[in-house]
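What follows is a short report on a single structure.
Just so we're clear, the structure is a prediction, and the values are computed from it rather than from any experiment.
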Amino acid sequence: MSRAATPPVTVLGAGSWGTALAMLLARNGLPVTLWGHEPAHMAELAARRCNDAFLPGIPFAETLQVEHRLDAALDGAGLALLVVPSAVFRGVLHQIRPWLAPGCRIAWGTKGLDAASGQLLHEVCAEVLGSQRPAAVVSGPSFAREVAAGLPTAVTVASHDPELAHDLAGWLHNDTFRAYTSADMVGVQLGGAVKNVLAIAAGISDGLGFGANARAALITRGLAEMARLGAHLGGQAETFMGLAGLGDLVLTCTDDQSRNRRFGLALGRGTDPEAAEAAIGQVVEGRGTAAEVHRLAQRAGVEMPITGEVHRVLYEGETPRAAVTTLLAREQKSETWGLA
C-alpha cells in the first residue's frame, strides 16, 4: 500500500499497546508524540528511551517524542490515536476536545464498550467530538510485545471514512505489519470487545483442567455468540470470520500473553477476581466488558450463554465449575450457525 502524506501523530496512552503502536508509527517515518497521564512515568520513558514497565529492552525510534502535557502533545497533530482502557475512553475524549485542531482526525486501538452506556466507541466519539470528525478503529490479533519487536502481525483498520481507513492503514503498514481496511466499524469493534469475555471463559476452562477439546468448543460456540450479536447490531458476517473476529478470538483464547486468558486461568484455579486482576497488574478489559456485553445482549434479546456464565462468575457469585455445568446442561439442539 502506498504511504499517504505523514502528519504528526499523537498517541494517547502509554501502556503496552499504545507504546507499541507509537513505536510502529515512528519506525515507519511518522513524527509521533506519545502522551501519558502520569508525569513520573513519562519522564522515565523520556530518559530511558524505552518503556521498561511494559516493553522492556525495546528502544524508541528517534522520531518518537514523549510528553505528559496534553496541550503540548496535541499541538499540530493531524491524527490523535487513543489507546486507553475503555472505562476512561469517554473521559479522555472530553479531555482532548479543547486541544484538537479542526482538521485533526481520530482513531483508537481500545477494545471494549463504554462503561456508562454500553455503547460502541464510535458512538461515544460522535457524541463527544461530533459526527463530522473522521474516526477509525484499529483491531485484530496483535500482542503489543510482538508488534514492538517487529514480529509479523496483521490487523484491520475500520472507518466509515474510506480516506481515513486507507491513510491509517498505509501509515501502519510495513514489511512485518500488514493492515487491511474495512467499512464495518460495528463488527470490528464488537469483535474486539466480545473476544475478551470469551478469553476469560477459555482461561477458566483451562484453569479447571478441562483440556483442549473444551477450549476448542468454547472458541467455536463463542464465535457463534459474537456473530449473533453482531448481526443484530448491523455488523457484517464476514467481519467475524476475519482478523478482528476469529483471528483475535483465537489469539486471545489460546496464548498466555493475553491478560484476559490469564485472568480466567486464575479464576479457574480458585483465585477471586480482585486478586486475579491485581496479580496481572494491568487492566483486564474483559472483566468490565462482560457486564456491558451481557446487558447489551439482554436489551437486544440475543442469546449469549457463554457470556452469561462469565457474567455470573464475575458478578453473581457463581463458581467456575458450576458455570461449566450449566453450559453443559443446556438443551440439546442443532448446530445452526449464528442462531443456536
If you compare all heavy atoms of [X] against all heavy atoms of [Y], which two are closest, and at what distance to 0.1 Å?
| X | Y | result |
| --- | --- | --- |
| Ser142 | Leu251 | N-CD2, 3.3 Å |
| Gly76 | Pro8 | O-CG, 3.5 Å |
| Gly57 | Cys50 | N-SG, 4.5 Å |
| Ala80 | Leu74 | CB-CD2, 4.1 Å |
| Leu243 | Pro141 | O-CD, 3.2 Å |
| Thr110 | Pro85 | CG2-C, 4.0 Å |

Mind checking whether Phe89 and Trp108 have parallel, tilted or perpendicular rings, split at 30° and 60°?
perpendicular
[X] [atom1] to [Y] [atom2] distance, which is reported to the nearest 0.5 Å:
| X | Y | atom1 | atom2 | answer |
| --- | --- | --- | --- | --- |
| Thr19 | Leu24 | OG1 | CG | 12.5 Å |
| Leu70 | His37 | CG | NE2 | 12.0 Å |
| Met241 | Leu249 | CE | CG | 10.5 Å |
| Arg49 | Ile58 | CZ | CD1 | 14.5 Å |
| Asp52 | Leu45 | CG | CG | 8.0 Å |
| Gln119 | Glu127 | CD | CD | 4.5 Å |

Tell me, with the steps shown, if Leu314 and Phe263 meet side chain to side chain contact (heavy atoms under 4.5 Å, CB included).
CA-CA 11 Å; Leu314 293 177; Phe263 179 71; 3.7 Å; yes
Just wondering, more than 12 heavy atoms not from [X] lying within 6.0 Å of its [atom1]?
| X | atom1 | result |
| --- | --- | --- |
| Asp71 | CG | yes |
| Glu62 | CD | no |
| Asp272 | CG | yes |

Please tell me if the side chains of [X] and [Y] come closer than 4.5 Å, counting only heavy atoms from C-beta onward.
| X | Y | value |
| --- | --- | --- |
| Asp114 | Glu292 | no |
| Pro152 | Arg178 | no |
| Arg228 | Phe240 | no |
| Leu267 | Pro273 | yes |
| Cys253 | Leu218 | no |
| Leu34 | Asn51 | no |
| Ser16 | Arg259 | yes |
| His122 | Val186 | yes |

Residue that, paired with Leu190, satisfies side-chain contact (heavy atoms from CB on, under 4.5 Å) out of Asp184, Leu229, Val293
Leu229
Under the side chain to side chain contact (heavy atoms under 4.5 Å, CB included) rule, what do Val302 and Leu233 come out as? Steps first, then yes or no, please.
CA-CA 10 Å; Val302 173; Leu233 297 177; over 6 Å; no
Is it possible for you to say whether [X] and [Y] belong to one hydrophobic cluster, with membership spreading through side-chain heavy-atom contacts below 4.5 Å?
| X | Y | value |
| --- | --- | --- |
| Leu79 | Val138 | yes |
| Trp17 | Val283 | no |
| Leu12 | Leu81 | no |
| Tyr315 | Ile204 | yes |
| Val188 | Leu164 | no |

Given salt bridge (charged side-chain N to carboxylate O under 4.0 Å, His left out), test Asp161 with Arg105 step by step and report yes or no.
CA-CA 10 Å; Asp161 184 309; Arg105 296 185 286 182; 5.1 Å; no
Would you tell me whether Arg262 and Gln257 have side-chain atoms, one donor and one acceptor, within less than 3.5 Å of each other?
no
Between Thr307 and Glu225, is there a side-chain donor-acceptor contact under 3.5 Å, judged purely by atom types and distance?
yes
Would Arg90 and Ser117 satisfy side chain to side chain contact (heavy atoms under 4.5 Å, CB included), going step by step from the backbone distance to the final call?
CA-CA 10 Å; Arg90 182 186 292 271; Ser117 65; 3.7 Å; yes
Please determine whether side chain to side chain donor-acceptor pair (under 3.5 Å) holds for the pair Glu285 and Ser86, giving the CA-CA distance in whole Å, both sets of side-chain angles, and the decisive distance to 0.1 Å.
CA-CA 7 Å; Glu285 282 282 8; Ser86 58; 2.7 Å; yes
Is the centre of the His68 ring less than 6.0 Å from the centre of the His41 ring?
no
Salt bridge or not for Glu277 and Arg287, using N-O below 4.0 Å?
yes
Hey, is the main chain of Gly140 close enough, under 3.5 Å, to the side chain of Lys111 for a donor-acceptor pair?
yes
Show your reasoning for whether side chain to side chain donor-acceptor pair (under 3.5 Å) applies to Asn174 and Thr176.
CA-CA 6 Å; Asn174 63 28; Thr176 61; 3.3 Å; yes
Scan Asn196, Asp255, Asp206 and name whichever one has a side-chain hydrogen bond (donor to acceptor under 3.5 Å, both in side chains) with Arg261.
Asp206
Kindly indicate, with the supporting measurements, whether the criterion side chain to side chain contact (heavy atoms under 4.5 Å, CB included) is fulfilled by Leu208 and Val324.
CA-CA 10 Å; Leu208 288 166; Val324 174; 3.9 Å; yes
